[in-house]
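Notes to accompany the following structure.
This structure is a prediction, so every number in the text was calculated from the model and none was measured. Order of the sequence lines fixes the chain letters, A, B, ..., with proteins taken first and strands second; residue numbering starts at 1 for each chain.
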Number of protein chains: 2
Amino acid sequence: MRNPTLHDVARAAGVSYSTADRVLNERGGVAAKSIQRVQRAIQDLGYRRDIHAANLSRRRSYRFAVFLPRGDHGFFSALGRALLAQAEARAADRVSVTLCDPGQRDAGDWDCVALVGAESEGLAQVIADLADRGIPAITLVSDIAGPRRSYVGIDNAVAGRTAGRLVRLAHGRGAGRVLPVLGSLSLRDHRERLDGAAEILEASRLTLLPPVEVHDHPDRMRDALATALRADDGITAIYSIGAGNRGLIALMETLGEARPFVVLHELTPHSRAALERDLIDVVIDQKPSEEAARALDAMRAIADGEEPPVAVITPAIFFKENLPGVSA
Amino acid sequence: MRNPTLHDVARAAGVSYSTADRVLNERGGVAAKSIQRVQRAIQDLGYRRDIHAANLSRRRSYRFAVFLPRGDHGFFSALGRALLAQAEARAADRVSVTLCDPGQRDAGDWDCVALVGAESEGLAQVIADLADRGIPAITLVSDIAGPRRSYVGIDNAVAGRTAGRLVRLAHGRGAGRVLPVLGSLSLRDHRERLDGAAEILEASRLTLLPPVEVHDHPDRMRDALATALRADDGITAIYSIGAGNRGLIALMETLGEARPFVVLHELTPHSRAALERDLIDVVIDQKPSEEAARALDAMRAIADGEEPPVAVITPAIFFKENLPGVSA
DNA sequence: CGGAAAAAGAAATACGTCAATCATTTTCTT
DNA sequence: AAGAAAATGATTGACGTATTTCTTTTTCCG
C-alpha cells in the first residue's frame with residue numbers, strides 16, 4: 001500500500017540505488033539501457049519522488065522574488081501585502097518571498113521570480129538577464145509579449161466585458177451614455193478593459209464616450225469627472241478602469257440621488273465603504289490574495305520542476321449585498 | 001539564518017533533546033520547571049516544528065473522509081469530483097480523500113471528516129459518534145446548528161441577496177414580478193437564499209411571488225414553470241434557487257426573445273451552454289473546486305493541530321461575458 | 001590481451017523529527 | 001539514610017532522499 005521509494009525502483013530495475021539516483025537526478029554517467037530500465041521501473045511502480053523528504057535532505061527552501069512597481073499604487077500594494085501574508089502562511093513549506101524594486105539591478109539567487117507585465121521600463125532586459133542566469137520567471141497581473149511564460153492574473157478583456165455587461169444590465173433596454181475613465185491609454189491593461197467594455201456596449205443602445213485619462217490620480221479624477229458631467233448631462237454611467245477612485249467617490253458624494261451608475265475596479269476599504277453607502281454600484285475585484293496564492297503555487301511548481309497549474313483568475317463582482325466578511 | 005531545530009531549543013533551554021521532545025509532544029514525565037524552560041526557549045527562538053520532517057518520520061498521511069449525499073445531485077457530484085481531483089493534486093502532501101455515504105455506519109480511522117450540513121438524516125448521530133472516537137469534523141456547503149465547528153462554504157443568505165440585487169439591476173427603476181423556484185422549503189439553504197433575495201426585493205418596486213417547489217427535478221421544473229408563466233403573464237424574472245435547471249433551460253428555449261430575466265445557481269455544462277446561447281442571464285456559482293481546496297486546507301490544518309483558516313467562499317457571478325476558460 | 005575509461009555498486013553521512021530503550025541523576029517517602 | 005519513584009539524559013534506528021567517496025565490474029579500443 002505504501003508509496004514506492006527510490007529503493008523500490010532500484011530493486012525493480014535491477015540496479016543499485018546509486019544508479020537509480022543517477023538517473024532520477026540526471027547526474028550522467030549511466031548507460032542508456034540502465035536509464036531505460038530505471039525509467040521503466042519508475043513508470044511501472046508509479047514512483048513519485050517524495051518532495052518533502054528531498055527538500056529536507058538538501059536543506060532546500062523556496063526563495064522567490066516578486067518585482068512590483070514601487071509607489072502606493074493601490075492594487076500593487078495590496079498584492080504585495082497578500083504575497084507576504086501568503087509567504088508567512090506557507091513558512092512551514094519553506095517558502096520565502098522578497099519584494100523587489102523593478103528599477104534596481106538584481107543579483108539575487110532566486111528559485112523563481114514573478115514580474116508584473118508592463119511594456120514600459122527595462123523589463124525585457126530584466127527578463128533576459130534572468131534567463132541568462134537560469135532563473136525562471138512568471139508574469140503577474142498583466143501578461144507580456146515574448147517567449148511564452150506562465151501567467152497568473154485576471155483576463156483584463158474579460159473584466160472589461162463584465163463591466164460592460166453590468167452597465168447594460170443597469171440600463172435595461174433603455175439608452176444611455178457611458179463615460180470611461182482610465183489612468184492612461186498607454187497602459188495595456190487599461191486598454192484591454194476598455195476594449196472589452198466597448199465590445200459589449202456596441203451591440204446596445206448605449207453610447208461609449210471617449211475615455212478620460214486621469215493618470216490614476218484622485219484629484220485629477222475628481223476634476224475631470226466634474227468637468228465631464230457638467231459638459232454632458234446625459235451621462236448615465238461611469239466605468240472607472242484604473243485607480244484614483246477616491247476622487248470619484250468624493251464627487252459622487254456631492255451628487256446625491258441623481259448620480260450615474262458607477263462601476264469601478266478593486267475592492268479597497270474606500271471602495272467598500274462607498275458601496276456600503278450607495279455611492280457606487282459595483283466593484284470588480286482582482287482578488288489580490290487569491291492572485292498571491294496562485295502565484296506562489298505556480299512558482300513552487302516551477303521550482304519543483306513541475307508543470308505549473310493554469311491559473312486565470314475570474315474577477316469577483318461585488319455589490320453592496322455580497323461584500324465578503326472580515327476575512328477577505 | 002536557518003530555522004531553529006528542536007536540538008537548538010533543547011540547548012537554549014539547557015535540557016536534553018529527550019526532554020525537549022517530551023515537552024513538545026506532551027509525553028509527560030517532565031518537571032514543571034523544565035516544561036517552562038522549554039516553552040520559553042520555543043518562544044524565544046520562534047521554533048516551529050518542521051511538519052514535513054515530522055510527517056516523514058512518523059510515516060503519517062492525511063486520511064480524510066467526506067460524507068456527501070448520494071445521488072447525482074448536480075452540485076454534490078461536482079464537489080465530489082473536485083475533492084478527488086484536489087486530493088490527487090496533493091498526493092505529494094500525503095493527502096487522501098475517501099468519499100462516503102452518509103447513510104452507512106462508518107468505522108474508518110480518519111484524521112478528519114467533512115460532512116454536508118443538513119438538518120435531516122441521522123447526522124447529529126454521526127457527529128456525536130465521531131466526537132466519541134476523537135475524530136474532528138468540519139461542515140461543508142451548509143452549516144449546522146450545535147457545537148461550533150469549522151465551516152467551509154458559501155453564505156447562502158449572501159447568495160440570495162446577490163441574486164436579488166441582480167434581478168433589481170435588471171429591472172432598473174421599473175416594476176416587475178419575480179418568481180422564485182426551489183427544491184423544497186424544507187431545505188435550509190434554499191430557504192436562506194430565498195430570504196436573502198426577498199430582503200433585497202422588498203425595498204423595490206418588484207413583487208416576489210410565492211415560491212414554487214419542484215424538488216430539484218427537471219421535468220417538474222419545466223411543468224411548474226410553464227404553468228406559472230401561463231397563469232401570470234406579468235412575470236419578468238425567475239430566480240431558480242435549487243437544481244433541475246435543465247427543465248428551466250428547455251422551457252426558455254421555447255420562449256424566444258420574450259423570456260423573463262433568469263438567475264440560477266451552479267455553473268454546469270448545461271447552464272454554461274445556456275448562458276452562451278442567451279437562454280438565461282446570470283449564474284451564481286458556489287465554486288466547487290475552490291470549496292474543495294479550502295475544505296482540504298481546513299482539514300489539514302485541523303489534523304496538524306492548527307487553527308483552521310476561516311474560509312467563507314464568495315459565490316462567483318457569471319454572465320455570458322465572463323465565463324472562465326477551459327480550466328475552471 | 002592489456003589497459004584505460006566508463007559504468008555500476010557499496011557505503012556512509014546528513015536533513016529534522018519521532019519513538020523507543022536504557023542508564024543515570026534527582027527528588028520524594030517514611 | 002535507604003529505597004522507591006520521578007525526572008532527565010544518552011543513544012539508536014527509522015522515515016525517503018541527496019550527495020559524496022571509494023571500490024569493483026564491465027565495456028571499449030588498439
- Task: Name all residues meeting the salt bridge (charged side-chain N to carboxylate O under 4.0 Å, His left out) criterion together with Arg294(B); count only those two or more places apart in sequence or in a different chain, and write none if there are none.
- Result: Asp297(B)
- Query: Can you list, by residue number, the residues of residues 52-64 of chain B that have a non-hydrogen atom closer than 4.0 angstrom to DNA chain D?
  - Reply: Leu56(B), Ser57(B), Arg59(B)
- Going from SG on Cys112(B) to CZ on Arg63(B), what distance comes out if it is rounded to the nearest 0.5 angstrom? 13.0 Å
- Near DNA chain C, under 4.0 Å by heavy atom, which residues of residues 8-32 of chain A? Gly14(A), Val15(A), Ser16(A), Ser18(A), Thr19(A), Arg22(A), Gly29(A), Val30(A), Ala31(A)
- Query: When you list every nucleotide of DNA chain C with an atom under 4.0 Å from a heavy atom of chain A, which one comes first 5' to 3', and which comes last?
  - Reply: dA7(C) to dG16(C)
- Task: For Arg94(B), check salt bridge (charged side-chain N to carboxylate O under 4.0 Å, His left out) against everything at least two apart and list the hits.
- Result: Asp50(A)
- Can you sort out which residues in residues 33-49 of chain B have a heavy atom within less than 4.0 Å of DNA chain D? Ascending by number, please. Ser34(B)
- Answer yes if the side chains of Asp93(B) and His52(A) hold a donor-acceptor pair under 3.5 Å, and no otherwise. yes
- Any donor-acceptor pair under 3.5 Å from Asn25(B) side chain to Arg22(B) backbone: no
- Task: Report yes if the side chains of Phe76(A) and Val116(A) come closer than 4.5 Å at any heavy-atom pair, otherwise no.
- Result: yes
- Would you mind listing every salt bridge (charged side-chain N to carboxylate O under 4.0 Å, His left out) that reaches into residues 28-39 of chain B, with sequence neighbours excluded? none
- Item | salt bridge (charged side-chain N to carboxylate O under 4.0 Å, His left out) partners for Arg40(B), two or more places apart | Asp44(B)
- Distance (rounded to the nearest 0.5 Å) between Trp110(B) CH2 and Leu130(B) CG: 10.5 Å
- Message: Applying side chain to side chain contact (heavy atoms under 4.5 Å, CB included), can you list everything that pairs with Glu88(B), at least two apart in sequence or on another chain?
- Response: Arg48(A)
- Item | Spacing of CZ belonging to Phe64(A) relative to OG1 belonging to Thr98(A), to within rounding of 0.5 Å | 10.5 Å
- First and last nt of DNA chain D near chain A, cut-off under 4.0 Å to heavy atoms, 5' to 3', are dG16(D) to dT19(D)
- Task: Provide the full list of salt bridge (charged side-chain N to carboxylate O under 4.0 Å, His left out) pairs with a residue in residues 303-312 of chain A, sequence neighbours left out, each pair given once.
- Result: Arg300(A)-Asp304(A)
- Five-pair end axes of the helix from dC1(C)-dG30(D) to dT30(C)-dA1(D) and the angle they enclose, rounded to 10°: 30°
- Strictly by modelled atom types, are Asn3(A) and Tyr47(A) linked by a side-chain donor-acceptor pair under 3.5 Å? no
